[in-house]
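Letters A, B, ... mirror the listed sequences (proteins, then strands); counts begin at 1. Quantities reported herein were computed from a predicted structural model and do not represent experimental measurements.
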Amino acid sequence: MNPVAGSFAQRLLDWFDHGGRHDLPWQHPRTPYRVWLAEIMLQQTQVKTVTPYFERFVAAFPTLPDLAAASLDDVLAQWSGLGYYARARNLHTSARLCCELHWGELPRDFAALVALPGIGRSTAGAILAQAWGERFPILDGNVKRVLARYHGISGWPNLPAVEKQLWMLAEAHLPASRMADYTQAQMDFGATLCTRQNPACMLCVMNTDCIALRDGRVEELPTARPGKPLPERTALVLFAQNADGEILLQRRPPTGIWASLWSLPEAETHEQARSWFALHLHGDYDQAEALAEIPHVFSHYRLRMHPLHWQALVARDVVRDNADLRWVPRAALATLGLPAPIRKLLGE
DNA sequence: AAAACGGGGTA
DNA sequence: TACCCAGTTTT
């Protein structure tokens, strides 16, 4: 067998030419800024979800300096609903750093990229390979799954020892050229063919070499994350409206869950909620209408939100002077970064 | 209700 | 290196 034509990378590239995705919005045009933005959005999110966000985001901020010049609020508004909002904050910070340190461009240098917040080894490699054709490996969840199966590697891929081995294999498979295509090919292959469930092994271009397939272990590789029960928390959310139907929103603190997003004021107990109400609003706390519980699952705990609703309330003076607390008309909700379940509750 | 997708930051 | 942090969609 021809050792080049038969190599892992060559087969993947041959497959990519007909089976890969060639019409993703960040491929046309494939600029460093657009590749970077796409890679950040794709970090924890699938292509199908990302695509409309990407198109809206580049329309709002067409260039890196545009993004740097925007307010964090405007950036979070574009990101609202995508989740993992630290990505948006890091993106914004990184854009400003690029303007200070790199003449308004993304650096074409691995160490300089990794020095930017939100860019780790895999994302830096993906950017360099796709934007410039440079020879760096990536190791996202798709690649981890493909390599774990192809090489028959057991153990949860995020275990340091397993991950180290996977990085070495990813590096060893790099082709001599076509790095942009190869990088996209790996992601497409994992996302569409070597999927977690029901992979298309019959159609797979590697199916003569895949160790997991040979050993009948495709379904059990990669090894699942060790399970652990999620802790549960509850919260009261205060949904206050004034006589004009405007909603009282509060900016969340800059760290923690939903950092810097706008949301409904939150309290742990009725006692806390009652005193917050008394401090900020006129009216009767006990007139609240209890709305249906909103269950929400984060990756590390489960949150059960209990909304309390009041209409035609009047705010105390403190609200007027508070930059992080304001009445928002329904029509303005689209311009703010809101957590997805809160946006849904408010009827958007 | 559970599973899937899934990388970065920091001590 | 070990451990911590972090949302939404799909099944």
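- Side-chain contact check for A:Asp66 and A:Thr63: at least one donor-acceptor pair (N or O, by modelled atom type) lies under 3.5 Å.
- In this structure, A:Trp79 has its ring center no closer than 6.0 Å to that of A:His92.
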Which side-chain N or O atoms in residues 164-172 of chain A pair as donor and acceptor under 3.5 Å with protein atoms at least two apart or in another chain?
none

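- Connection of A:Ile211 to A:Phe8 is not established within any shared hydrophobic cluster, with ILVMFWY side chains joined at heavy-atom distances below 4.5 Å, either directly or through further cluster members.
- A:Met202 forms part of no hydrophobic cluster, judged by ILVMFWY side-chain heavy-atom separations under 4.5 Å.
- Using a 4.0 Å heavy-atom criterion, one finds that A:Pro295 contacts no nucleic acid atom at all.
- For B:dG6 and C:dC5, the P atoms lie 23 Å apart once the distance is rounded to whole Å.
- For A:Arg302, the salt bridge (charged side-chain N to carboxylate O under 4.0 Å, His left out) test picks out A:Glu232, with sequence neighbours left out.
- Within residues 32-49 of chain A, the residues approached by DNA chain C to less than 4.0 Å at the level of any non-hydrogen atom are A:Gln44, A:Lys48, in residue-number order.
- The minimum heavy-atom distance between A:Ala224 and A:Trp156, with the atom names listed, is C-CD1, 3.8 Å.
- Residue contacts for A:Arg89: at a heavy-atom cut-off of 4.0 Å it reaches no nucleic acid atom on any strand shown.
- For the pair A:Arg326 and A:Trp262, the distance from NZ or CZ to the six-membered ring centre is under 6.0 Å and the angle to the ring normal is within 45 degrees.
- DNA chain C lies under 4.0 Å from at least one heavy atom of each of the following residues of residues 160-171 of chain A: A:Pro160.
- For the pair A:Arg343 CZ and C:dT9 C1', the interatomic distance rounds to 17 Å; values are reported in whole Å.
- Take the nearest nucleotide of DNA chain C for A:Gln197 and for A:Pro341: the residue whose nucleotide is more 5' is A:Pro341.
- A:Ala69 meets the side-chain contact (heavy atoms from CB on, under 4.5 Å) test with no other residue; sequence neighbours excluded.
- Only the P atoms considered, C:dA6 is 22 Å distant from B:dC5, to the nearest whole Å.
- For DNA chain B, the contact window with chain A, defined by any atom under 4.0 Å from a protein heavy atom, covers B:dA2 to B:dG9 in 5' to 3' order.
- Using a 4.5 Å cut-off between side-chain heavy atoms of Ile, Leu, Val, Met, Phe, Trp and Tyr, A:Leu238 falls into a hydrophobic cluster with A:Leu236, A:Leu248, A:Trp276, A:Phe277, A:Leu281, A:Tyr285, A:Leu308, A:Trp310, A:Leu313, A:Val318, A:Val319, A:Leu325, A:Trp327.
- Every salt bridge (charged side-chain N to carboxylate O under 4.0 Å, His left out) that A:Asp286 has, sequence neighbours left out, goes to A:Arg274.
- Rounding to the nearest 0.5 Å places CG of A:Leu193 at 9.5 Å from CE of A:Met206.
- One interatomic measurement links the two molecules: CG of A:Leu303 to P of C:dG7, which rounds to 12 Å at whole-angstrom precision.
- In this structure, A:Asn198 atom CG and C:dT10 atom C1' are separated by 14 Å, rounded to whole Å.
- Between A:His296 atom NE2 and C:dA6 atom P there is a gap of 12 Å when expressed in whole angstrom units.
- In the region residues 123-148 of chain A, proximity to DNA chain B at under 4.0 angstrom, judged on heavy atoms, holds for A:Thr123, A:Asp140, A:Gly141, A:Asn142, A:Arg145.
- For DNA chain B, the residues of residues 79-86 of chain A within the heavy-atom distance limit of 4.0 Å (strictly under) are A:Tyr84, sorted by number.
- Taking the charged nitrogens against the carboxylate oxygens, A:Arg108 and A:Glu134 do have a contact shorter than 4.0 Å, which makes a salt bridge.
- In this view, A:Asp188 and A:Arg21 satisfy the salt bridge (charged side-chain N to carboxylate O under 4.0 Å, His left out) rule, not counting sequence neighbours.
- Partner A:Phe189 forms a ring-ring contact (aromatic ring centres under 6.0 Å, His included) with one of A:Phe16, A:Trp15, A:Tyr150, A:Tyr182 and no other, that one being A:Trp15.
- Under the 4.0 Å criterion applied to side-chain N and carboxylate O atoms, A:Arg11 and A:Asp209 are assigned as salt-bridge partners.
- Between A:Arg196 and A:Leu116, the residue anchored closer to the 5' end of DNA chain B is A:Arg196, taking for each the nucleotide with the nearest heavy atom.
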